[in-house]
Number of protein chains: 2
Amino acid sequence: PPVSIWYLSLPSLFSSNPRDFSLPNSSWGTEMRQLYEHYNSQCEAVTDGGEEQSGLWNRLPSYNRSLKYAAGGVYLSKIIQAKARLFTRNIRDPGAAFEYVIFANKKEQRCVCIFQAGHLLEGPPGNVHGGAIATMIDTVTGTHACVHSGPVMTANLNINYRSPIPLGSTVLIESSLDKKEGRKTLVKCKVTSADGARLHTEATALFVSIGVSQLIQG
Amino acid sequence: PPVSIWYLSLPSLFSSNPRDFSLPNSSWGTEMRQLYEHYNSQCEAVTDGGEEQSGLWNRLPSYNRSLKYAAGGVYLSKIIQAKARLFTRNIRDPGAAFEYVIFANKKEQRCVCIFQAGHLLEGPPGNVHGGAIATMIDTVTGTHACVHSGPVMTANLNINYRSPIPLGSTVLIESSLDKKEGRKTLVKCKVTSADGARLHTEATALFVSIGVSQLIQG
């Protein structure tokens, strides 16, 4: 039986222009900006001349609200529905918590996330909480599985922590498609320092496809 | 090589009376309060007559700051050090995010956590983010391993998500000691509905003991 449902952002259902949290802000450090530029410059774009430029990568926008219906027909109070915010985007103060942007490479079936860990994510003294790392792994692999297979739920996360991530640092989270069998999508993932030299975390994630009706059933 | 370090709260190092986040507040619903009373009434206490009453359980206090030194000698900016807050206690608005209290039963080598999931923890529409669930599993099993083995780091989390947790609901997180071999402490964990009837999540967690010097080395 399924599992923590994953979902795609649905900005068109919001009242007006929602904030895209994946765009650069003043809190981003040098490493975060340089890596962003590296991938963003290889994205699909419309040139000044109006021509479409194809690209290896797609930047995925990121919003802090989703549909206001519980899955599985569970009743939620109107207050909770109105106040609900995506866990990874629930603090508006730039740089305080999760700063990240995900790029998808459909051809190579991989995603890369640039993640700058803010001071509100502390676990061990001076380092990022293991749960915050798990949260980013779930986010990147879940988004990847969604891009590949449509709506899915997280069924399993298996995470090996190799070395702590200092608060304030920027890391790379790279996911690659392992296999897809029927309703199952298996994704591998690793977290490294921005230069790729230090391995922080390795993980596998299993997702199960669900119908859209399961997602918005209220 | 280790891993996301876990740690014990050290309130005595703070400037003045720190807030104990494990105590009841106005956001706690009926289920949260009833479960709290159930375990709290079985805790060690000093009676009105001044006598010590022994108990099956101990309530573990919970603070939002730890030592201000990075592990492994990593340099952290003064700003990040001053602003750092424990990930699970980084939002002061009662009821908005993680409301939880952990009780430890040393004799039976198990812990129980009562967790009320606030509206800022959304993942799938209307349900708790898989990363927020992973965060609470890391917190409860890590605290349990610490109580049993002293300072440890998280080495592995293996989480099976069975059914989604609706935003706003209260769940029980129960951990039990699986085994201890040398520096390794293995803890099992399950998340159920408050009445125990519905299984939400199952997990195993592996921790590796570290010296206190590794924790506060700056």
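Chain letters run A, B, ... following the sequence lines, proteins first and then strands; every chain starts at 1.
- When heavy atoms are compared at a cutoff of 4.5 Å, B:Ile91 approaches chain A solely by way of its side chain, counted from C-beta outward.
- Note on residues 168-177 of chain B: pairs passing side-chain hydrogen bond (donor to acceptor under 3.5 Å, both in side chains), not counting sequence neighbours, are B:His144-B:Ser175.
- Note that NE2 of B:His129 and CZ of A:Arg89 are 10.5 Å apart. Values are rounded to the nearest 0.5 Å.
- Between B:Phe87 and A:Phe87, the ring planes are tilted. Angles from 30° to 60° get that label.
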For residues 23-37 of chain A, dump all side-chain donor-acceptor pairs below 3.5 Å to protein atoms at least two apart in sequence or in another chain.
| residue | atom | partner | partner atom | Å |
| --- | --- | --- | --- | --- |
| A:Asn25 | OD1 | A:Ser27 | N | 2.8 |
| A:Asn25 | OD1 | A:Ser27 | OG | 2.6 |
| A:Asn25 | ND2 | A:Glu99 | OE1 | 3.0 |
| A:Asn25 | ND2 | A:Glu99 | OE2 | 3.2 |
| A:Ser27 | OG | A:Gly95 | N | 3.2 |
| A:Trp28 | NE1 | A:Glu99 | OE1 | 2.9 |
| A:Arg33 | NE | A:Trp28 | O | 3.3 |
| A:Arg33 | NH2 | A:Asn25 | O | 2.8 |

Can you list the steps and then say if A:Asn158 with B:Asn156 is a side-chain contact (heavy atoms from CB on, under 4.5 Å)? CA-CA 7 Å; A:Asn158 192 344; B:Asn156 175 265; 2.9 Å; yes
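- Residue-level contacts of residues 112-120 of chain B with chain A, in order of numbering, are B:His119, B:Leu120; threshold 4.5 Å between heavy atoms.
- In A:Lys180, the NZ atom is crowded: over 12 heavy atoms of neighbouring residues, nucleotides or ligands sit closer than 6.0 Å.
- Between B:Tyr161 and A:Phe207, the gap from one ring centroid to the other reaches at least 6.0 Å.
- Atoms CE and CZ, on B:Met153 and A:Arg162 in that order, are 13.5 Å from each other to the nearest 0.5 Å.
- Of the listed residues (B:Leu121, B:Asn90, B:Leu157, B:Leu206), the greatest number of heavy-atom pairs within a distance under 4.5 Å of chain A belongs to B:Leu157.
- Considering every non-hydrogen atom in both A:Leu167 and B:Ala84, the closest pair reads CD1-CB, 3.7 Å.
- Remark: A:Ala104 pairs with A:Leu60, A:Cys111 by the side-chain contact (heavy atoms from CB on, under 4.5 Å) rule, at least two apart or across chains.
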